[in-house]
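Every number for a ligand or one of its atoms is a count from 1 in the order of the listing. Since this is a predicted model, take the numbers as computed values, not measurements. What you see below is based on every heavy atom in this structure, not just the backbone, and it leaves out hydrogens, waters and symmetry mates.
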Amino acid sequence: MLGNDTITSVLIVGAGPIGLSLALDLAWRGVDCTIIDQADGSIDLPRGAMVSVRTMEFCRRWGIADRVINAGFPQDYKLNMVYCTSLAGHLLERDDYPSQRDKETPPSSTEKRTWCPQLLFDPLLARVVAEYDRVTMRYLCRLESFEQSADEVVAHTVDARTGERRAIRARYMVACDGAGSFVRETAGIAQSGRVLGYSINIFFRCPDLLRAHDKGEAERYLFINTEGTWGNITVVDGRESWRLTVIGSSDKLDLAQFDAKARVRRAIGRDDLGFELIAVKPWRRSEMMADRFRVGRIFLAGDAAHTMSPTGGFGMNTGVIDAVNLGWKLQAMLDGWGGETLLASYEVEQCPVVERNARASTHNFDLWVGVKEMCAHVMDDTPEGERARRAVGTRLKESLRSEWECLGVMLGHRYEASPICVPDGTPPPPDPVSEYIPTARPGSRAPHAWLADGRSTLDLFGRGFVLLRLGKDPLDAGGLVAAAGAQRVPLAVVDIDAPATNALYARRLVLVRPDGHVAWRGDQAPQDADRLIRVVRGAAAAAGT
Ligand SMILES: Cc1cc2nc3c(=O)[nH]c(=O)nc-3n(C[C@H](O)[C@H](O)[C@H](O)COP(=O)(O)OP(=O)(O)OC[C@H]3O[C@@H](n4cnc5c(N)ncnc54)[C@H](O)[C@@H]3O)c2cc1C
């Protein structure tokens with residue numbers, strides 16, 4: 001019955017970090033949305049903690065970067081990597097990294113990668129989202145079924161407290177309902193990929209842990225025994241809570257037979273230290289991707305669309321890129337200037353990014369477990385044991401640098417073969433893991449450069465398209481401005497003349513999309529400005545000017 005139905009522009013199913021990021025991006029753009037979650041918003045077992053440079057750039061755009069940095073993780077906690085047999089046992093190697101406070105911001109960004117466990121990050125996003133009147137948030141509200149027509153999606157929900165059933169009518173629905181996505185399954189979208197193994201997370205409280213060993217503060221302690229790398233403790237709040245991940249095998253770990261306390265003791269390396277188990281949860285490590293990210297008016301984002309091994313911390317951060325890729329496109333459709341190809345471009349653009357980031361994650365995991373053959377003697381208190389420990393430690397330290405230092409993965413993704421970007425004929429630059437190579441080549445993240453007024457180029461992007469006119473005597477952009485106006489595409493023109501920035505962008509005119517990726521660039525105004533605007537708003541069949 002229409003009278004009792006909720007009507008919203010975008011329904012987001014799932015208030016994990018991706019659903020919340022999308023709600024925030026939409027709300028920031030002025031789009032109304034409803035976000036529902038079957039749970040109550042509390043986090044029983046924190047998973048991610050590493051907020052990438054790119055995600056932090058989006059947080060800056062949304063005005064919350066400082067709130068993420070100050071969410072509660074201690075700024076002076078040292079984010080080292082330690083390789084050992086146990087906290088009280090032998091040290092194999094260590095890689096020392098500065099604390100959040102002492103870490104330098106990379107020159108290619110305004111932001112640093114930030115340690116903010118989901119225990120803090122998700123509730124912070126939820127608080128920020130709740131500050132927007134145009135967002136309706138409903139916890140303990142489960143999606144039970146849905147259908148779509150040419151004009152809308154109708155979602156049927158049930159309130160977990162009252163049992164009340166309610167329909168939500170939305171122009172678009174985005175499934176951010178996690179790895180086991182109900183929406184994906186119900187929509188009949190298959191997944192491809194592979195299972196990498198089964199693991200168990202143990203969340204525990206141990207205020208004395210740091211005082212009970214000599215390895216010092218670390219972001220992660222990796223444990224190696226004769227079976228190879230068997231687990232890791234990750235810092236959660238920087239004070240008293242920790243997560244031990246026990247790496248399983250290709251067989252599921254049987255929770256009934258699993259002695260979590262014994263595993264924690266094994267990791268600590270002594271039996272006399274008190275700790276409290278908070279939660280124990282099995283999970284599947286996988287590299288899976290949905291075969292489609294869209295069915296009609298329904299989209300998948302985050303873990304609902306893809307999973308990857310957490311080795312690298314790319315899972316949530318890739319999902320946030322999904323959300324930002326989708327946010328402006330939904331806005332464009334709702335505001336009436338987006339063409340049908342705009343929605344189709346979401347999947348075309350994001351799938352290769354997901355594949356790339358998942359590949360890097362699996363590669364890191366292979367490095368974690370790849371030392372197994374070298375570990376037969378690592379527990380021996382003999383010269384041979386010492387040699388084995390040194391060899392394994394060196395291998396892990398050198399190979400895993402690519403996991404801890406991954407700016408290239410975080411900033412270098414680009415939308416090749418996008419139907420809404422116009423290639424300029426230049427070859428793609430290399431795409432290394434650790435190093436980010438700034439480029440304004442179409443499809444890439446428009447690079448950061450400081451402006452004369454103290455802002456970053458990144459601060460220019462977000463709301464609509466931005467045409468940068470670079471260099472002295474800016475080129476006439478009247479044709480583009482008129483074309484955008486005629487097609488109701490929001491476009492701002494910004495003039496920049498700074499030698500370093502001119503060189504970085506490498507063209508006199510650069511058109512940047514609302515998500516901060518370059519759509520087109522050239523040294524002269526396009527011959528057919530109308531067609532260019534049609535392409536970038538998804539209303540032309542194929543890219544090309
Ligand atoms: C050990 C570990 C460490 C990790 N570390 C990192 C890291 O450092 N950095 C990183 O980027 N990623 C990391 N990840 C990955 C990251 O945790 C996930 O990618 C991220 O949480 C996915 O977010 P999401 O919002 O897509 O899904 P989820 O966080 O799973 O949220 C889905 C939400 O949907 C709700 N839901 C489900 N079904 C329904 C329904 N029918 N109706 C209503 N609501 C529903 C659920 O209640 C849930 O709240 C890690 C993962 C693990 C396992």
With the criterion set at N/O pairs under 3.5 Å, what does the list of contacts between the protein and ligand 1 look like, atom names and distances included?
unit_1   : atom_1 : unit_2 : atom_2 : d
ligand 1 : 8 (O)  : A49    : N      : 3.1
ligand 1 : 8 (O)  : M50    : N      : 3.1
ligand 1 : 9 (N)  : M50    : O      : 3.4
ligand 1 : 9 (N)  : G313   : O      : 3.2
ligand 1 : 11 (O) : G313   : O      : 2.9
ligand 1 : 11 (O) : M316   : N      : 2.8
ligand 1 : 11 (O) : N317   : N      : 2.9
ligand 1 : 11 (O) : N317   : ND2    : 3.0
ligand 1 : 12 (N) : M316   : N      : 2.9
ligand 1 : 17 (O) : Q118   : OE1    : 2.9
ligand 1 : 19 (O) : D303   : OD1    : 2.7
ligand 1 : 19 (O) : D303   : OD2    : 3.4
ligand 1 : 19 (O) : M316   : N      : 3.2
ligand 1 : 21 (O) : R47    : NH2    : 3.2
ligand 1 : 21 (O) : Q118   : NE2    : 3.3
ligand 1 : 25 (O) : P17    : N      : 3.4
ligand 1 : 25 (O) : I18    : N      : 3.1
ligand 1 : 26 (O) : D303   : N      : 2.9
ligand 1 : 29 (O) : R47    : NH2    : 2.6
ligand 1 : 30 (O) : R47    : NH2    : 3.0
ligand 1 : 41 (N) : L143   : O      : 3.3
ligand 1 : 42 (N) : L143   : N      : 3.0
ligand 1 : 44 (N) : Q38    : N      : 3.0
ligand 1 : 47 (O) : D37    : OD1    : 2.6
ligand 1 : 49 (O) : D37    : OD1    : 3.3
ligand 1 : 49 (O) : D37    : OD2    : 2.6

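Not a single side chain to side chain donor-acceptor pair (under 3.5 Å) links D66 to another residue, sequence neighbours left out. Legend: residues meeting ring-ring contact (aromatic ring centres under 6.0 Å, His included) with Y77, ordered by chain and number and at least two apart, are F73. Partners of T136 under the side chain to side chain donor-acceptor pair (under 3.5 Å) rule, at least two apart in sequence or in another chain, do not exist in this structure.
For the pair S109/R445, a side-chain contact is recorded, criterion being any heavy-atom separation below 4.5 Å from C-beta on.
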Salt bridge (charged side-chain N to carboxylate O under 4.0 Å, His left out) for D96 and K78? Distances and angles first, verdict last.
CA-CA 8 Å; D96 287 345; K78 295 207 170 48; over 6 Å; no
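In this structure, E219 pairs ionically with R113, as a charged nitrogen and a carboxylate oxygen lie closer than 4.0 Å.
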